[in-house]
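Have a look at the structure below before the remarks.
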Amino acid sequence: MAVRVQTDDFDVGAETKVLTKGRTDIGAVVTFTGTVRGNTPDTPISSMTLEHYPGMTETELERVEAEAAARWPLAASLIIHRYGTLKPGDNIVLVITASAHRQAAFQAAEFLMDYLKSRAPFWKKETDDEGRGEWVDARESDDKAAARWQTPSKVIT
Amino acid sequence: MAVRVQTDDFDVGAETKVLTKGRTDIGAVVTFTGTVRGNTPDTPISSMTLEHYPGMTETELERVEAEAAARWPLAASLIIHRYGTLKPGDNIVLVITASAHRQAAFQAAEFLMDYLKSRAPFWKKETDDEGRGEWVDARESDDKAAARWQTPSKVIT
Amino acid sequence: MTENSKPIKLMYFAWVREKVGRAEEHIEPPEDIATVGDLMGWLKGRGPEYAAAFERADVIRAAIDHTHARSDAPIASAREIAFFPPVTGG
Amino acid sequence: MTENSKPIKLMYFAWVREKVGRAEEHIEPPEDIATVGDLMGWLKGRGPEYAAAFERADVIRAAIDHTHARSDAPIASAREIAFFPPVTGG
């Protein structure tokens, strides 16, 4: 169980090794890596800048991770999210889940991604190849993806 | 799109790098690693031997991979399955799926695992700490997991 | 100054920050500003940059002391309130 | 020898292999053995090791020339037929 918010890149292989080293109770490890798309005819993006809300980001990611651990029998988990300016092909986010069985690992990883996409305070600004910056709009499909887990979100009302 | 059946170990980080190197059309990479559990009170397994059907194994894995590529817009995929004698903690199987969007990558990886578990001709024999070997029984839950994709399997009737 | 009118730290992110023209500030809203929604309405009246930032108030999200908060959430005990567009991380 | 009775390569895996006591063999079944199911029935009569291996014939799976085949699949054109327990890889 760990959460890291950083500008540095991460190494999915190294992080997986650290998480599973010496463990024989793990049967399944799922990793999700989100990367910057761009520089293609469809998406002429030359860079992406991620802004976040220090303090709240860590709180929300820890909450999301604790929620996953409460719902599935996880042996280990990790969330790393980068911020700052990234280029096409660069890593953005890493989620790793480890469990005795594959269904728990898969579901927890999907949940973590859906949930952090709808709750973690990050905002992406894309800069195109002519230097024009534009904030990325939230996708309704991401809210729907989070809603399918039907969990009461922590919200002040 | 590649399939490998081997006794050697694999490195999830290195394989991911090879698959995604220089690509800026990929937004999501999912990896699944299956490992040998054992040497715990619940599962006093000291080793596991995987037998397979050379020739048919490759054919089935390629078929499974092609089926996934037909169902989801995958930018890249990889299946590695080991055979031979393995110890608790050792890697057994690696599946990597890469796509522009995370849902496709997640679903394709789950599909590949469910499908290869019900079709790829591998058989596990567990050896306990007293040297007794026993063939692992197929789990009904694995057939159910494969059935949820509701795809007509390639079967001679 | 009554207890209700102690200064609150406001933080702005993404295009809300760009439109307001600052990342944070301390404010002392009037006592009748009871909720997040009230506060957005009050901020709108503070100048054209605020009016522009909070024009689409329905899409702006808020957090009170690092926790997501709805428009009807009370702000009486808040130390820090943040306003931002829907999140787009991951 | 008629065309139907050309030798077929049989392969056995996992506990089917262990019970039969060999990994592969070539056989020439009689002409009235038309399906995978027929073949399992015929093999059962070849000796106690085959009887033990195919005792639970309903759980044994088969493949014809590297493709999964049901019990009612015809074997007329088969070059290689494999018998094995339900797979447990992954």
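Convention: sequence-line order gives letters A, B, ...; per-chain numbering from 1.
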What distance separates [X] [atom1] from [Y] [atom2], expressed to the nearest 0.5 Å?
| X | Y | atom1 | atom2 | answer |
| --- | --- | --- | --- | --- |
| C:Thr88 | A:Lys125 | OG1 | NZ | 12.0 Å |
| A:Glu60 | C:His66 | CD | NE2 | 10.5 Å |
| C:Thr35 | A:Ile156 | OG1 | CD1 | 12.5 Å |
| C:Asp65 | A:Met56 | CG | CE | 10.5 Å |

| In terms of heavy-atom pairs under 4.5 Å with chain C, which of A:Arg139, A:Glu58, A:Met113, A:Arg63 leads? |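 Most heavy-atom pairs within the cutoff with chain C belong to A:Arg63.
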Examine whether an atom of [X] lies under 4.5 Å from a heavy atom of chain C, and if so say whether it belongs to the side chain, the backbone or both; otherwise answer neither.
| X | value |
| --- | --- |
| A:Arg82 | neither |
| A:Asp114 | neither |
| A:Thr57 | neither |

(message) Looking at every non-hydrogen atom in both residues, tell me the closest pair between C:Gly90 and A:Ile92 and how far apart they are.
(response)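 The pair with the smallest heavy-atom distance is O-CG2, 3.8 Å.
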| said: On a heavy-atom basis, which atom in C:Ala82 and which in A:Tyr53 lie closest, and how many Å separate them? | reply: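 Residues C:Ala82 and A:Tyr53, closest heavy atoms: CB-CE1, 3.3 Å.
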Do other residues, nucleotides or ligands put more than 12 heavy atoms under 6.0 Å from [X] [atom1]?
| X | atom1 | result |
| --- | --- | --- |
| C:Glu55 | CD | no |
| C:Glu49 | CD | yes |
| C:Arg70 | CZ | no |

**Message:** Quick check against the 3.5 Å criterion: does A:Lys124 have a side-chain atom that pairs as donor or acceptor with the backbone of C:Val87?
**Reply:**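 A pair under 3.5 Å: no.
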Exercise. Do the side chain of A:His81 and the main chain of C:Gly89 share a donor and acceptor less than 3.5 angstrom apart?
Worked result: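 Not confirmed, A:His81 side chain does not pair with C:Gly89 backbone.
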Inset, instruction - Sort out for me which of C:Pro86, C:Pro85, C:Ala63 touches chain A most, counting heavy-atom pairs under 4.5 Å. - result: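 Top option by heavy-atom pairs under 4.5 Å: C:Pro85.
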- Task: Scan A:Phe122, A:Trp123, A:Tyr83 and name whichever one has a ring-ring contact (aromatic ring centres under 6.0 Å, His included) with C:Phe13.
- Result: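 The single option meeting the ring-ring contact (aromatic ring centres under 6.0 Å, His included) with C:Phe13 is A:Trp123.
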